[in-house]
2 protein chains.
Amino acid sequence: MKKNSNYPNTRIQRQKRLQILEAALKIFSTHGYRGSTLDKIALEARISKPNLLYYYKSKQEIHKELINGLMQKWLAPLREMKKNGEPIAELRSYIRRKIEMARDFPRESRLFNNEITQGAPHIKDLLEGELKELVEEKAKIISAWMEEGKLRKVDAYHLIFSIWATTQHYADFDVQVCAILGEEKSKKRFDEAAKFLEQLYIGGLKPEK
Amino acid sequence: MKKNSNYPNTRIQRQKRLQILEAALKIFSTHGYRGSTLDKIALEARISKPNLLYYYKSKQEIHKELINGLMQKWLAPLREMKKNGEPIAELRSYIRRKIEMARDFPRESRLFNNEITQGAPHIKDLLEGELKELVEEKAKIISAWMEEGKLRKVDAYHLIFSIWATTQHYADFDVQVCAILGEEKSKKRFDEAAKFLEQLYIGGLKPEK
DNA sequence: TTAATATTTTTCCAAATGGTCAAAAATTAG
DNA sequence: CTAATTTTTGACCATTTGGAAAAATATTAA
């Protein structure tokens with residue numbers, strides 16, 4: 001007889017699931033949810049469609065697991081912004097980490113973009129719950145820094161939004177960025193972006209004296 | 001006998017086409033290209049599907065016309081940035097106009113976002129041609145301002161990107177913005193955003209003395 | 001080896017979807 | 001009014017797609 005069968009979690013299972021998620025991430029981030037078909041995902045994962053449905057009961061289930069896994073990864077940099085750190089240094093390193101994520105995980109960014117752009121049907125509660133609380137907490141920290149005169153006084157929420165926007169832009173709008181920059185300048189786009197953003201934010205946020 | 005029949009352009013035609021484009025804009029911007037069906041568009045436009053196809057030969061054709069019409073509207077603010085203006089004032093007004101567009105035409109922004117995020121399959125040549133040239137021209141103007149000491153020296157291309165990113169964020173990520181800001185603060189989001197961006201950019205871009 | 005279990009494939013289906021076509025209805029020129 | 005023309009509709013079709021069922025194959029515990 002075999003062991004537990006209700007929810008087997010063999011090596012094979014774990015590996016196949018990863019394989020599927022990897023393929024699904026690629027397809028979903030390229031074509032959006034509706035534009036992605038199980039056939040394409042299965043092909044990409046090098047398995048048959050029914051086999052894919054053996055590991056995930058439906059298209060939605062794959063998408064859901066992707067989005068959920070994504071959120072944690074995505075918010076990690078913000079979570080690491082510590083109250084006790086030196087404000088300018090904390091912001092600088094937050095921005096740098098976000099740009100690195102745009103460079104290293106563009107597919108995750110696009111997947112997220114797609115979800116939000118279409119009204120966040122699957123993660124609205126997450127946004128209004130966990131995310132909202134996290135941002136509130138961090139906005140408070142930033143505001144406190146401003147009160148102490150460590151940063152120029154601006155709206156902390158919109159500051160966070162702007163950092164999200166500027167960094168994720170390099171993942172989501174990569175085609176446009178590259179089209180405009182041309183071949184040579186494109187190669188250096190992430191380094192240039194990091195440098196520019198640092199100048200923009202740090203210069204702009206330094207308290208006036 | 002009736003007049004010209006090759007390409008009639010009666011009142012009725014013009015009105016119905018507008019009606020269809022309006023409906024298509026709503027549907028496409030909400031569900032993306034693949035997520036939008038001719039049925040939904042026809043329903044939204046209050047006509048039958050075959051009737052819709054009488055005015056536009058295919059789904060692609062509707063989309064194409066939307067995207068093309070959009071680009072001109074979208075780039076108008078950048079086009080208006082004039083070499084002879086006062087640099088800080090020109091930037092300020094550019095940012096303000098972009099924020100107003102995010103507020104007033106979020107559907108257009110989302111449509112564009114969707115197109116780019118999926119690799120810009122329909123407008124790649126536009127990006128590499130018209131858009132690239134326009135940005136090159138404006139980047140030169142901005143760089144010249146910097147050389148004259150009117151602005152802090154930063155990469156002009158990335159400056160433009162960051163303005164696009166920060167402003168369009170308020171259209172594309174509106175759900176997220178509102179979820180985080182909560183009901184009250186959401187009402188003022190565009191005004192606050194405009195104020196914040198002005199502080200960020202103008203403060204950050206002023207030449208040091 | 002064998003029997004139980006896990007995995008994969010083959011076949012199939014119903015619904016959704018982009019699009020066609022011919023006929024009906026409405027509009028307009030003369 | 002009448003005839004030509006434009007607009008609208010109803011019926012239909014081929015393809016795509018998410019998914020189900022069951023049989024076939026592989027794996028593993030004993």
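Each chain gets a letter, A, B and so on, in the order its sequence line appears, and its residues count up from 1. Computed from a prediction, not measured in an experiment: that's the story for all the values here.
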Restricting to nitrogen or oxygen on both sides, can you table the protein-nucleotides 10-12 of chain D pairs closer than 3.5 Å?
none

Notebook entry, point to check: Step by step, would you call A:Y170 with B:H158 a ring pair (Phe, Tyr, Trp, His ring centres under 6.0 Å)?
Noted result: CA-CA 10 Å; A:Y170 289 94; B:H158 292 274; 5.6 Å; yes
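- A salt bridge is absent between B:K188 and B:E183: the closest approach of a Lys/Arg side-chain nitrogen to an acidic carboxylate oxygen does not fall below 4.0 angstrom.
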With a 3.5 Å cut-off and sequence neighbours excluded, list the donor-acceptor pairs that the side chains of residues 25-34 of chain A form with protein atoms.
| from | atom 1 | to | atom 2 | distance (Å) |
| --- | --- | --- | --- | --- |
| A:K26 | NZ | A:E44 | OE2 | 3.4 |
| A:S29 | OG | A:L25 | O | 2.8 |
| A:S29 | OG | A:K26 | O | 3.1 |
| A:T30 | OG1 | A:K26 | O | 2.6 |
| A:Y33 | OH | A:Q60 | N | 3.4 |

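- Under the ring-ring contact (aromatic ring centres under 6.0 Å, His included) criterion, B:W164 pairs with B:F161, not counting sequence neighbours.
- Taking every heavy atom of residues 25-45 of chain B and every atom of DNA chain C, pairs under 4.0 Å involve B:S36, B:T37, B:L38, by number.
- When the nucleotides C:dT9, D:dT6, C:dG19 are ranked by their closest atom to the side chain of B:Y54, D:dT6 comes out on top.
- Checking the phosphate oxygens (OP1, OP2) of D:dG18, no side-chain nitrogen or oxygen of A:K57 falls inside 4.0 Å.
- Contact annotation: B:N51 does not reach the phosphate of D:dT7 (side-chain N/O to OP1 or OP2, under 4.0 Å).
- Per the geometry, CG belonging to A:L52 stands 13 Å off C1' belonging to D:dT17, to the nearest Å.
- Looking at residues two or more places apart in sequence or on another chain, you find no salt bridge (charged side-chain N to carboxylate O under 4.0 Å, His left out) involving A:E137.
- The salt bridge (charged side-chain N to carboxylate O under 4.0 Å, His left out) check on B:E100 picks up nothing, with sequence neighbours excluded.
- Using a 4.5 Å heavy-atom cutoff, the side chains of B:I95 and B:T166 are not in contact.
- Remark: B:K153 fails to qualify as a cation-pi partner of B:W145 under the 6.0 Å distance and 45° angle criteria applied to the six-membered ring.
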